[in-house]
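Sharing a structure with you now.
Remember, predicted model here, so these are calculated numbers, not experimental data. Every chain is numbered from 1 and lettered A, B, ... according to where its sequence line falls, protein lines coming before strand lines.
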Amino acid sequence: MIAPTKYEAVIGIECHVELTTRSKMFCGCANEFGGEPNTKVCPVCLALPGALPVANKAAIEHMIRAGLAFGAEIPAFSKFDRKNYFYPDMPKDYQISQYDMPLTLGGSVRYWLDDGTIKECRLTRIHLEEDTGKSMHAGGDGRIAGSAYSLIDFNRAGVPLMECVSEPDLRSAQEAVGYLEALKRTFVLLGVSDVKMEEGSLRCDANVSIRPVGSTALGTKTEIKNMNSFRSVLRAIDSEIARQTEILESGGRIVQETRGWDESQGVTHSMRSKEEAHDYRYFPDPDLVPIEIDAALIENLRKTIPPLPAQRFERYLSEYKLDPKQATQLIDNVPLAQYFDEAVAASGNAQQSTNFVLGDLSRLANETGVAVQASPVTPAQLAELIELVEAKTINSKIAKELLERMWAGEGSPKAMVEKDGLAQTSDAGEIGRFVAAVLAENPKAVADYKSGKTNILGFLTGQVMKASRGKANPALVNELLRKELD
Amino acid sequence: MNELVRRSAAEIAREVGAKRLSASEVTEAVLARVDEVDDRVGSYLTRLHELARRSAQRVDERVAAGEKLPLAGVPVAIKDNMCLTGTRTTAGSKILENWIAPYTATAVQRILDAGGIPIGKANLDEFAMGSSCENSALGVTRNPYDLARVPGGSSGGPAAAVGGFEAAIGLGSDTGGSIREPGAFCNIVGFKPTYGRVSRYGLIAFASSLDQIGPLTRTVEDAALAYDAMAGHDPMDSTSIDRPVEPAAAGLRTDLKGLKIGVVKEFVTEKLGPEIDALYRRAYSELTDLGAEIVEVSLPSADYGLATYYLIAPAECSSNLARFDGVRYGLRVEGDDVGQMYEKTRSAGFGAEVKRRILIGTYALSSGYYDAYYVKAQKARTMFAQDFRKAFERCDLIAAPATSGPPFEFNAKSDPYSMYMMDYYTIPMSLAGLPALSVPCGYAGKPQLPMGLQLCAPLFEEAKLLAAAHAYEQATHYASQLAVAL
Ligand SMILES: [Zn+2]
């Protein structure tokens, strides 16, 4: 975190996300990560002479759903353009992308920060394009310079990619990460992308400038290229803001340029080159007919949009009084959050539901490798358990035991309580007999207590609870013990 | 000359279908003809004797099994910009000189499925750019009516093969006149269907929005048969039209009664000299003899055709030909780095005309010139479509010259512009995407050499166009009045 200065940052993000579709963007090859190099290729994605692209409908529908989720406009007409440049990973030496008529326009992303503040960042557009292949440079240190030869794997060439371009509405690295996390959560929720960072399915560039607080004019921006983790985004933007601040403070001038992020050094470095003046010679791809989007299709897709993460987050904070960290934890596991919602609905108790879901149930899930929502514990059963605890029919120790048995598939906690007589007892006579027995068995403890070591009371309480097989009302046990000892 | 090689595709298919003749007999006769004359004509870049024999055997088996094949045993010359699995497919370029296609173009596959026999891959102007076939980097093709003259381009190879009885059907591609012009020069029928009627999948692209595969044949009936076999939607080509095809071969007629045929006011034939002017006047009066009414129509945009075409076609070709970079297939000339490898490969691999068009196209698409050139050309193109729509309000078909003169001698048109002028009469129809054909209409020059009459119909009116051309051909029989030179 940068110390507050008299400057504020203005940040816009362009991020690329690979879409989850069965086949690639313009051919029938499988859209799957990994595999032997060059096994998921065909004449189309290798751009063999004569091959032609045919647009993947599922990818277009994913784009429309993403746009609708963010309240974007879905124009009735859209088209594909060619972005021309030479690049060995790119089979056609042009990329099929969208230039002036993208599939979605505008919209905004609601996101939150660690402290629970809700923010909003406007989107310029989301457009659809295709991915390139991947080069490996052999016989050197992995970079192209000094390598003996290069190998190219075209398995990723032609994978559908959406590019989300934001407005410069972000003011800090934290906001940038919050925004990206919201994108990720939304895409996963919609099922349009699995956003697996380690597989490179989310990459982003950031435009960063700073200006004096209060100013509305934009400063000179730099573009940081190719960050592929939220951690790099955070560090790279912070480091770039610090660099720009230092330059301005010392009376210097920011140069508009492209900068790369060096993860190991923790600094950005200039990547300025002739490439920046690149003329992509965009023009409408004559191999692909324009995309016409039917209003009925949009309406049908709109029905498939679930409540968004930010909506759920706000509800968890305002209605359920969760803290932002707990809420985030739940939301980041969509099925778990759905389970949680059902448990709250069934029990009417958000606090206990949170405790069980994020506590014992998550622990059991970790221990057994079974997801909470896939376990035998249904939200309705959890609600029963919560009811037993709230009614003080059982204490927390019994609750824990019951939960383990429920996890093992023993079913209804109420039934177990009845069958095994586990209900908490507040019968003073019954508890009194346990107390007398425990005091008789522990003369040393009694003596210690009497000599002033009053904290031995906890031990004695535990012994009584044990003797009652956990059923005794702990408050009553305590009270009776004191009465006997004092 | 074996009499079998003179037979039309329709006759061969009928005889083979009726088992009075075998596909193998026809194939052997044609292969012998190829061996006898093609060293002098140079129609074929690759002869496919073995494949032809195997295919003929297979066709005979299919016929014996009772299959009805509309092109049973018909020998076919395939322009070498169409892929055929396992055969060298060069596009007439050094850059693909040794490239073996791993898949088959849809149009070619449909012809083979209908019983066609692949005799060879035929010569063409490099990447289909040219109007004389002199731009092939891999061989010279001569006009079968006068070996000192060009066969026309860019489908010079298949046109010469059909004109010289080395095949009954030639598969050509027409971008600005590349089927109609060599058709006229080789005294045969050259037919370009509506843009999108025949799949381009597997046709090595020159200008995607104009390229169209079509047949070159000795009779109109054969053109209709080939068209019926090839036309129709292909899911592999998103620009191919998904709309039922009216079969053309069944609707051929012998008169033109009730038809209004438009003659374009702006296509002044007087400029072409008295001999050619007289020839086309005679052709128009032959149309009236058959019962047609000649009306004058106007194409105000006519003179912008060349300029429009020579912006759009090079723009698209500059992008389409980017993939020939030495990375994945075809020629590679090593360099110190990847950039130099690109440069050396493309410098050595492409011929002068291809380089000229890539440069024009790159310039027309570059920022700062895009609006002035490419966008303007697209607007002009819309004007052509409108002009034709208006003209067709007054007539059913349009008649025009196919070329501005008879076949010329090699190297006669040394400056590019005079070569481009050859396509003056064919380009407007290409820009409007209309179906058009060239049918023999007499002779001009010294010695007397073939000329073609161009007929053009509204979009999707192929059947009407072929029916009328058939009537003209049956009444005049120009094709059979001139003997080939060998
Ligand atoms: Zn593929």
Side-chain angles (χ1 to χ4, degrees), chain A residues 26-28 38 41-57 80-96 99-100 133 135 137 144-147 149-152 154 157 274-275 277-291, chain B residues 81-83 89-91 95-96 99 101-106 127 196 199-205 207-211 234-240 312 315-316 318-330 337-339 341-342 346 361-368 370 374-375 378:
Chain A
F26 297 110
C27 66
N38 298 310
V41 293
C42 71
V44 175
C45 55
L46 283 177
L48 294 192
L52 293 172
V54 175
N56 182 335
K57 274 203 183 101
F80 289 108
D81 301 275
R82 291 185 183 178
K83 182 179 184 181
N84 294 282
Y85 61 105
F86 282 85
Y87 195 61
D89 294 354
M90 195 168 58
K92 297 182 287 291
D93 284 303
Y94 58 80
Q95 182 188 28
I96 304 178
Y99 181 53
D100 54 350
S135 300
H137 307 295
I144 189 163
S147 66
Y149 57 92
S150 301
L151 299 167
I152 311 179
F154 289 104
K274 276 182 246 161
E275 272 176 59
H278 212 119
D279 181 353
Y280 290 117
R281 289 172 286 117
Y282 278 102
F283 75 106
D285 192 327
D287 286 334
L288 289 157
V289 288
I291 310 164
Chain B
N81 58 354
M82 292 174 213
C83 292
T89 300
T90 67
I95 213 158
L96 282 178
W99 186 66
Y103 73 109
T104 300
T106 303
F127 285 102
S199 168
R200 288 186 293 120
Y201 187 73
L203 168 69
I204 299 177
S208 309
S209 74
L210 294 156
D211 292 347
D234 174 13
M236 296 299 281
D237 175 358
S238 89
T239 62
S240 94
I312 289 172
E316 292 182 11
S318 72
S319 172
N320 283 334
L321 268 54
R323 68 187 62 190
F324 303 102
D325 59 6
V327 174
R328 283 149 300 123
Y329 46 73
D337 57 32
V338 68
M341 188 274 283
Y342 287 155
R346 290 167 67 80
T362 304
Y363 184 79
L365 288 175
S366 59
S367 65
Y370 181 82
Y374 182 79
V375 171
Q378 288 293 12

**Criterion side-chain hydrogen bond (donor to acceptor under 3.5 Å, both in side chains) on B/S366 and A/R281, from CA distance to verdict** = CA-CA 5 Å; B/S366 59; A/R281 289 172 286 117; over 6 Å; no
**Asked** Do B/V327 and A/I152 have side chains that get closer than 4.5 Å, going by heavy atoms?
**Response** yes
**Asked** Hey, does A/Y94 have a side-chain heavy atom less than 4.5 Å from the side chain of B/N320?
**Response** yes
**Student check: side-chain heavy atoms of A/F26 and B/S238 closer than 4.5 Å** = no
**Item:** Pairing residues for A/D100 by the side chain to side chain contact (heavy atoms under 4.5 Å, CB included) criterion, not counting sequence neighbours
**Value:** A/K79, A/D81
**Message:** Tell me which of these, A/V44, A/D285, A/L46, A/L48, has more heavy-atom pairs under 4.5 Å with chain B than the rest.
**Reply:** A/L48
**Item:** Close side-chain approach of A/F283 to B/Y370, heavy-atom, < 4.5 Å
**Value:** yes
**Which portion of B/Y374 sits near chain A, non-hydrogen atoms under 4.5 angstrom** = side chain
**Message:** On a heavy-atom basis, which atom in B/A322 and which in A/D93 lie closest, and how many Å separate them?
**Reply:** O-OD2, 3.0 Å
**Item:** Side chain / backbone / both / neither for A/Y87 at chain B, heavy atoms under 4.5 Å
**Value:** backbone
**Item:** Closest contact, heavy atoms only, A/P43 versus B/Y201
**Value:** CB-OH, 4.0 Å
**Message:** Under 4.5 Å from any heavy atom of chain A, what part of B/D337 do you find: side chain, backbone, both or neither?
**Reply:** neither
**Asked** Considering only heavy atoms from C-beta outward, does the side chain of A/P91 approach that of B/R328 to under 4.5 Å?
**Response** yes
**Asked** Where does B/T89 contact chain A at under 4.5 Å (heavy atoms): side chain, backbone, both or neither?
**Response** neither
**Message:** Which heavy atom of A/L288 sits nearest to which heavy atom of B/T239, and what is that distance?
**Reply:** N-CG2, 4.3 Å
**Prompt:** Any side-chain heavy atom of A/P49 within less than 4.5 Å of one from B/L96?
**Reply:** yes
**Fill in**
Among B/S367, B/S209, B/G368, the residue with the most heavy-atom pairs under 4.5 Å to chain A is B/S367
**Asked** Which atom names give the shortest non-hydrogen contact between B/R200 and A/P286, and what distance separates them?
**Response** NH2-O, 3.9 Å
**Request:** Sort B/A91 into side chain, backbone, both or neither according to what part of it lies under 4.5 angstrom from a heavy atom of chain A.
**Result:** neither
**Side chain, backbone, both or neither of B/L321 within contact of chain A (heavy atoms, under 4.5 Å)** = neither
